Each structure stands twice: as structure tokens, then as C-alpha cells.
Student: 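Structure below; questions to follow.
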Amino acid sequence: MKDIEKSARAHFKEYGMSKINRGNYFEDFCIGQKIIHPLPRTISDGDVSFYIALTGSRFALHSSNELAREMGYQRRPIDDMLMFHLTFGKSVQDISLNAIANLGYAEVSFKHPVYVGDTVSMQTEIIGLKENSNGKSGVVYVHSIGHNQEGDEVLNLKRWVMVHKKDKGVMSGINSVPVLEKVTPIDEVSIPHIRVLDTKATGGEYLFEDYEVGERLNHLEGITVDSSDHTLATKLYQNNAKVHFDDFMMKSTPMGERLMYGGHVISIARSISFNGLQNAQWICAINSGAHANPTYAGDTIYAYSEILEKIEVGRKDIGLLRIRTIGLKNIRPEDVKNPKDEDGKYIKNVVLDLDYTVVIPKNKNK
Amino acid sequence: MKDIEKSARAHFKEYGMSKINRGNYFEDFCIGQKIIHPLPRTISDGDVSFYIALTGSRFALHSSNELAREMGYQRRPIDDMLMFHLTFGKSVQDISLNAIANLGYAEVSFKHPVYVGDTVSMQTEIIGLKENSNGKSGVVYVHSIGHNQEGDEVLNLKRWVMVHKKDKGVMSGINSVPVLEKVTPIDEVSIPHIRVLDTKATGGEYLFEDYEVGERLNHLEGITVDSSDHTLATKLYQNNAKVHFDDFMMKSTPMGERLMYGGHVISIARSISFNGLQNAQWICAINSGAHANPTYAGDTIYAYSEILEKIEVGRKDIGLLRIRTIGLKNIRPEDVKNPKDEDGKYIKNVVLDLDYTVVIPKNKNK
Amino acid sequence: MKDIEKSARAHFKEYGMSKINRGNYFEDFCIGQKIIHPLPRTISDGDVSFYIALTGSRFALHSSNELAREMGYQRRPIDDMLMFHLTFGKSVQDISLNAIANLGYAEVSFKHPVYVGDTVSMQTEIIGLKENSNGKSGVVYVHSIGHNQEGDEVLNLKRWVMVHKKDKGVMSGINSVPVLEKVTPIDEVSIPHIRVLDTKATGGEYLFEDYEVGERLNHLEGITVDSSDHTLATKLYQNNAKVHFDDFMMKSTPMGERLMYGGHVISIARSISFNGLQNAQWICAINSGAHANPTYAGDTIYAYSEILEKIEVGRKDIGLLRIRTIGLKNIRPEDVKNPKDEDGKYIKNVVLDLDYTVVIPKNKNK
């Protein structure tokens, strides 16, 4: 055994791989395994400016300290999705460096506001494993929790990714899929009591009472994403999944070029949804999310939203809207009746199907 | 009437446009109308770094806290043009979302220094309306004032934009054009008394006394602007004019691609003007500005400046220079004698004709 | 003589070049000459975010205030290479605006940590001049020292650049080449005593004792650099060397397009070296550096590192590793045995040959 180790070591040394983290493969995971992700990240004003520049986001709460103070905050909190990306990015090198695809999200909740100066970090537990019948890959289900430097839980999410197997010939037959809630349970909405809401400042007059279940909003703007935009975003988040960065490698894949980080598509769609949902400044939960088709540099993202549900949380100042936002590429929302075709497959222009819940003030605040 | 409203509402609901802000058309404006623009914006160190990265600006006052302190400031003030863009950006969704062209600026003044941490916002009054004879569009003249969180006036400007009409068949015959000053009246120059000016630090030896009326400066550098550069800039400013972002839409227009935000061209030209005007670190006023031709990603911007006037303001430490800076694309300033041809039309390489007034220290400070 | 001056002045005025800094030519330098570079630069959180977004750097010390505090710092220090670029950028307009090539670096040392809020500036002494035999250019050797606002030395470097001559017919025969150390002498390592090193947080388990002289690390990731990435970086550093910015000018050169700033290539290679050298969070010295081949937008950078030397500095908590990192374009490190061919010339895919010394904690800290 010693000899084998020695020869393996010599082999690695020769090929320069002895100390290189090549990421985990399907066989490297086991249910119950816990991973502390490295690289805690302090969030700064620079990150906030980047998020605005990269996405064009205009939600007022995150743009103005003055407005945030009027709404009961000490200063402007970090946009939920920026916090998501900075925290989530930490898990890539352990979970999804060898991912073939990020298949979905569930039970994502945003528990606690995060501010400039806070440091976020993440831990993950493996909660499910399912080998694919082709023997080449498997699906890993994870439960990740993000904390700030005080130990407050700031993010809680489940996701599942398809990853390569190391040894494609050996079948383990493992098939343990966790039960996931269709809608994230919401136990608490951690935002201050809203005393004043200045809709002249937020840019939109519509509040909780104004939306109807079944209503559809075709958002007006489209945003074209160039290669530097999505790679700057992904590098800012220290997400090092190779498919987003390495064009030389991607040229020899069927995709032929770098793939846009799916999280950036969520942020762009969310930014576009501002026009129609100006007062929905907090994401409270993501119930489910799917990247229906890949997105590449040069694509123009559009979006429409449907109001799925109106939820009371026992507060007079706010209510919740459950929303489905469909992200599209290179087609206007008016031209899409249904995101899926007759066979139930996403049409090729659909890049995102996001079911999420937002907080929105009530009319009494006006 | 109720029925018509109901049917209109049903129609909007079907098309998902009921809550979407589609911007104002020519008919939506009336003289005397006042608009409070949404989205007050807190300016951060992130914005300052972005401005330097996007424009390459090297004016020393905005680069160094130490230098700013020596010059009588508490810390480095925000570059005038960065403040302009962040404040101006707010007015786009109400004034120029449906603009065909941003025709000009006048009487622009910078009244009060702005610092990191300040929150800027803007209000506008409609001061003129002129229907175009083709019946399809009209020109809207506006007077906008920007304030910081203390209520200090930080920006004051007039501009006129051509916007689409909703109903192209109905002529109103409105023709009320305001009288605009050719040169912005300057009542006060709000900069500290300059005790020390270290020209070794500012990078240029020339001061008020060294410039002559009629003198021309062919600035040395050229800066090529790529698509991510100008779209990151425009999104940072939360300026959502569709022509700058939506390449899919622009492909079906005569332009064929996204148009660069004219304000970015001003900033690039101003950045280039550093070499020759290193000590002109404050813009005091913009007397008039015209975007002579459109600019697209890939264009290389050059600039030259002419000294139009030397102005005394009763101070021993500073004087003013009125300057005309011509922004060019894809031609060096040495190769342009006159920005206009024999018929008085701008030649195709001219992208900016900016008449502005800067503060510059006098030799006694050296 | 007065008449000649007058006519020269008129000439300059006509061509607008009287006040333009055209940079220095070979003849403008003399040995012993001292230059105070303009534009002291305050480093902000915005710069830190930019550095992460531009390079994807993941070294933990620079990402987290919490981690930095555990390691004995007050807060996260600035990445050495970010400080290098911001300081170095100042010298370009005096030294290398007319450079044909940045030939090499030697004796680069990083003496003192720099933090957000610090203001850096630079001074240079000319220490050597060597006219090229073709009569068209010469090599200028400089010794530059960077300071923070307290006068602490933060950077010390020697470099040599090839610059154009003004008068190509006149030979001076000057040939005074300074003696440069092959390895930067290290008198002091200015980092706090490391009490705790949490390798779960830094992302890598390997420490001083784990590396062997002769060991090679083929770093896993590749990063494609687009045009906006490298031009944003170079503008952020206020480095105004025309070859990096002016595509219109570069189109008429043999290169045909903008050249990437070599410093950006160093930063990208350093960022890639994270995977394998996660705990080498400080650069202590650059012993020598060469930009072996030019890099252009669209190139994908890879890197491998060789451990050249292990150095004790009389401390129980840390040791030094002398490392050679080879930066590659469009070829994976596994496919490169030797960066040079049989004739001792760099193969065309090698873009960087960097010999540098890093600080790395010892196992006792674990």
C-alpha cells in the first residue's frame, strides 16, 4: 500500500496535480456529509455599486440610505440577490466545480438583512444522491446555510446539481432523493415595520391591494448582456465554475462558448421586473427555480411576471406576493403566451422559470 | 364610460401592461408641470472607482483625499460629471424614456460639492413644448434641479429632448419655446479658497494666466469604448433609456445596434482633456452641449479644446476658463480643422460639441 | 534665438500641442534624474471590489475582514498586486508613455501593508540608460519607490523599458546598465505574527512544510480576458499607456489591436495560482518578471508554478517560498513541458515568466 501511495504521489508530482483542488465528483459525496465552504466574504460599497452597474437594478431601498432610514432601516440593506450570489459563490468549488448543470433550487429563504461591512460565509450538508442510469453522472442534493459574522442566518437554500462521476464503469445504484417543499415555508418576515412609504421615491404607485392573482406583467425593458458583464459578475462573486470563464475550454464543447452564470440571469430578470413591481423591494423566498435554457453573451434578456398568490402574514403594513417570473432571451414578453410547448417542454427562448415570494407594502402606508 | 374603462382595463390585463410605466409621450407633458423623480441615490466609493475605471479620469482632486485636504476640502469631492450622471439618470424614466434624441443642454450649473455618502435626487419642471411639423413628435424643454440630502442644490440644468407623440394624427399646434441663456450665468463659485496647489501632484504646470483666448489644445490620448463599458456606465447611473441597453430592439432600427449614452461621451472627452487642462479640476457650468453624431461600441474617442474666454470672479486664487471641447470618433484632433463643413453641418466624426466653464487656480497658488 | 522660440510657439499653438504632455523620449532622461509622479491615489473599497471582479482573485486574507482580524490585522489589507498597479500606474505618464516595450522588473519588494483609505504615491530615479544600436530607441532603467500618506515605503521596484528616441539620427553612445540583483534581498517581512490559521477558511490545507523544491503545480482554472476587462483594469489604475486604450491607433500597428497591460496578466496568473497556493496570501518580492509574448482580448490565460526555493526568515509562524509562475495563453499547463524552445526562446503561448517570493504560514499554525 505504501508503494502505491508513493507511486501515486510521484505521478501527481509529475503532472503537477498533487495540491490542486479538482473539485468533487459524484462518488466524493455521501449523505449527511457536512462541508464548511472556505472564503468568508466581506461585503462592501464596491460590491453594491457593481451590482447596480451589472444589473441596472433600481429598487429604491438598495439605492438610497435616506429612503432606507425612512423605512425603518439604519442604512440601505444589501440587495437580496447580491447577498445570495456572494454567499452562494463560496459553495461552487466544493459542490459544483464539476457540475454538468445546476438543475434547480428549492426552499430558498432570506432570513436577515445584510449590510455593507458584514461578512458572509456558508456551510452545506449533502441531503440526497441519485445516480443517473447512464452511469456517467449523478445528481447531488444539498442544503446550504449562509451566516453573517454574528452567526445570524442570512440565507437558507436547497439545490440539486448534476455532477460527473469519476469512475463511469462502476454503478453504486444509490437513489436517495429528499422530499422538497413546493413552496418555501415562511415562518417570519424579518423586515422593520414600515411607517412611511414614499411611492414618489420608490418609483411605483402599486401596493399589495393593487395586484390580482392571475395578473400578468409584461415588463418593458430588455437588457443585453455582454461577455465582460457576466464574467465580471461571476468573478466578483468568486464563483469559479469553469464553464463561465474559460472560453478556450468551452470552444471544444457542444456549447462552443462560455455559459452565463444562471444566477446572473436571475438578477437581470429581477432588475427588469422593477417596472411593474417597484415596491416589491424584498425577496422573502425562492420557492423553485429552473434555468430552462442556457444564456450566452450577446443575448438580450426580457421578462414577464404572473401573480400566483397573495399572502397575509398578520401584519398591517405589508403582505406577500408569490410571483412567477419568466426570463426570456431575444423575444419580447408580449410574444410569449406560454413558456412551455404542447409537450410541456420549455420553448427555446425561455431561460428562467422562477417562483418566488416578495414582500410588498400595503396601501395604508401611502 | 365605466364600460369603456372596464374594457380598457381588461385589455391591459390581457396584454400585461396595466402596471407598466411606459414613459411619457409628447401629449403627456404640459407647461408648468412638475415631476419629482423617483430613486434618490446614495453615492459611494464604489461609484467613484467605477467612474475612474469607466473613463480613465485622472483629475487629481477626485483621486486623492490627501490632495483634496491640502486644497481646503475635508476629503475628495465627487467628480462633477459623475454627480451629473447619477442625478440626471433619475429623470430619464419620466422625461426621456421615449426620447428619439437628446437635443441639447443649457444653463447647467454645479452649485455645491458632493461627497461619498451624500444622497442625490432630482425634480423637473416642464418649461416649453414644441410640436414638430411632421406630427409624429415634439420637443420637450425641461428645467431640472438636483439636491443632496440636506436640500443643498447640487445641479441645475435645462435640456430639450425630442419625444414621440402617442397620437400621430392629432395636431395640437403647441409652440412654446423658452428663452435660454447662451452662457450659464455664474453667481457664485462654491469651492474653498485654495491655499496651496501642488502642480507636481496635479500633473500639470499650467494655470489661469498661462492660457490664451483662441488657444487650441489637441489632446493626446484616445479611448476606445467597448459595449460593456458604456452599458455598465449607463446602468450604474440607473439611466434606463432603452436605446442604450436593448440590442435585440436596436437591431431592427436604422442604427442597428445599441447607442452609447451621450453623457458617457462627455465624460470620456472630459477625461481625455486632462492632458492639457490638468488643473481645471472643477466644472462650474455647461453653457451648451450637443451630441453631434451617435457613438457606438468600438468607436475610439479623441478630443480637442479651444479656450473661448477667460473670466475673473473677484478671487485672487482662481479664475474661470470658458472652453469648447470637441469630441471626435475615429479621427485624431490634428486632422480636424473645423468641426463643421461648409454648410454648417457637423462632420460625421464629430460626436460632441461642449461649451463649458471650468475653475482653474491662478499662478499665485504655485 | 527669441525668434525661433516665438516661431516654435506659434507652431505649437497652431497644432494645439503647446501644453500637451507628450511623454518623455530616450533623450529626455539622464542618470540620477528624479521624478515625482503626479496623482496620488486614495485606495477605496470600490478598488477592492474591482480587483476581485477583474481578476477573480480568491485569496482569503483580502476577501474577509473577519479572517484578517483572526490573522492579526486590523482589517483586510489590500492585495499586493492591486497596490502595485495603483502605485505603478502613476509612473507611466513620465516613464513609459512612449514605451515600445516594458522589458522587465527586478528587486520588487512589498514593504508595508496598505489598507482602504490609504493614499499611495510614487517617485522615480533614473539609474541606467542604454542606447540601442539601431539608433531608434533606447532602454531606460528606473528605480521607483511608492509611499503611503504616512511616508511608509509600500513598494520598491526597478524596471527597464524600451522607449523611442526623438531624434533617430543622432547617436549618443550612452551605455550605462545598472547591476541588478537576481533575487530581491529581503531584509524584513512586515506581516503580523500569525496566531491562528483556519485552513477551512483559506480554502487550502497546504503550508510551508508541504511544498518541495522542484515541485510543479499545474493550476486548474483558465480565465478568458475580454476587451472591457483589461481596459477597465488599466483605466482604474490610471495607467494611460496608449497601446492599451486606443484601438484606432493600434489598428495601424503590426499588432493590429489593443495590447493587454502586462500587469493585468500578472494579476490573472496570480489569481489562477490560488488553486494550489491558497495559503500564499502575501507577495513579499518579485525577483524578476518578463512579459514573454503579448496578450490580447479574447485570450484565455492559464498558469503553472514551480517551487524554486524554500526560505527561512527566523520565524516559527511563517516561511517563504520562491516560486516561478509561467503564464500561458490558449494552452493548458499540462501541455507545456518547458516554456522555452531548444534555442532558449519562449514558445509563443508563454505570456509571463514571473519569479517571486511569497509568505506562507507553517504547519504549527494549523
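The structure presented is a predicted model; accordingly, all values stated were derived computationally and were not measured. We name chains A, B, ... by the order of the sequence lines, and we start the count at 1 in each one. Atoms considered below: every heavy atom in the structure, side chains included; atoms not considered: hydrogens, waters and symmetry mates.
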Student: When rounded to the nearest 0.5 angstrom, what is the spacing between CG in A:L97 and CG in C:L220?
Tutor: 6.0 Å
Student: Looking at C:E215 and A:K19, is there a salt bridge between them, counting it only when a charged N and a carboxylate O are closer than 4.0 Å?
Tutor: yes
Student: If you define the side chain from C-beta out and look only at heavy atoms, does anything of A:I20 sit under 4.5 Å from C:L217?
Tutor: yes
Student: Indicate whether any N or O donor in one side chain lies under 3.5 Å from an N or O acceptor in the other, for C:S63 and A:Q238.
Tutor: yes
Student: Counting heavy-atom pairs under 4.5 Å with chain C, which one of A:S227, A:G117, A:P38, A:G23 comes out on top?
Tutor: A:P38
Student: Does any backbone or side-chain atom of A:H37 lie under 4.5 Å from a heavy atom of chain C? Answer side chain, backbone, both or neither.
Tutor: backbone
Student: Using a distance-only test with no angle check, is there a side-chain donor-acceptor pair under 3.5 angstrom linking A:S228 and C:D229?
Tutor: yes
Student: Among C:I301, C:L54, C:D47, which residue has the highest count of heavy-atom pairs closer than 4.5 Å to chain A?
Tutor: C:L54
Student: With side chain to side chain contact (heavy atoms under 4.5 Å, CB included) as the criterion, how do A:F248 and C:K329 come out once you've worked through the C-alpha distance, each side chain's angles and the decisive distance to 0.1 Å?
Tutor: CA-CA 9 Å; A:F248 182 76; C:K329 63 176 177 185; over 6 Å; no
Student: Side chains of C:S49 and A:S44: do they bring a donor and an acceptor to under 3.5 Å?
Tutor: yes
Student: What are the two closest non-hydrogen atoms of C:S64 and A:T42, and how far apart are they?
Tutor: CA-OG1, 3.3 Å
Student: Just so I know, are the side chains of C:D226 and A:T231 near enough to count as touching, which here means a heavy-atom distance under 4.5 Å?
Tutor: yes
Student: Taking side chain as C-beta onward, heavy atoms only, is A:D246 less than 4.5 Å from C:Y302?
Tutor: yes
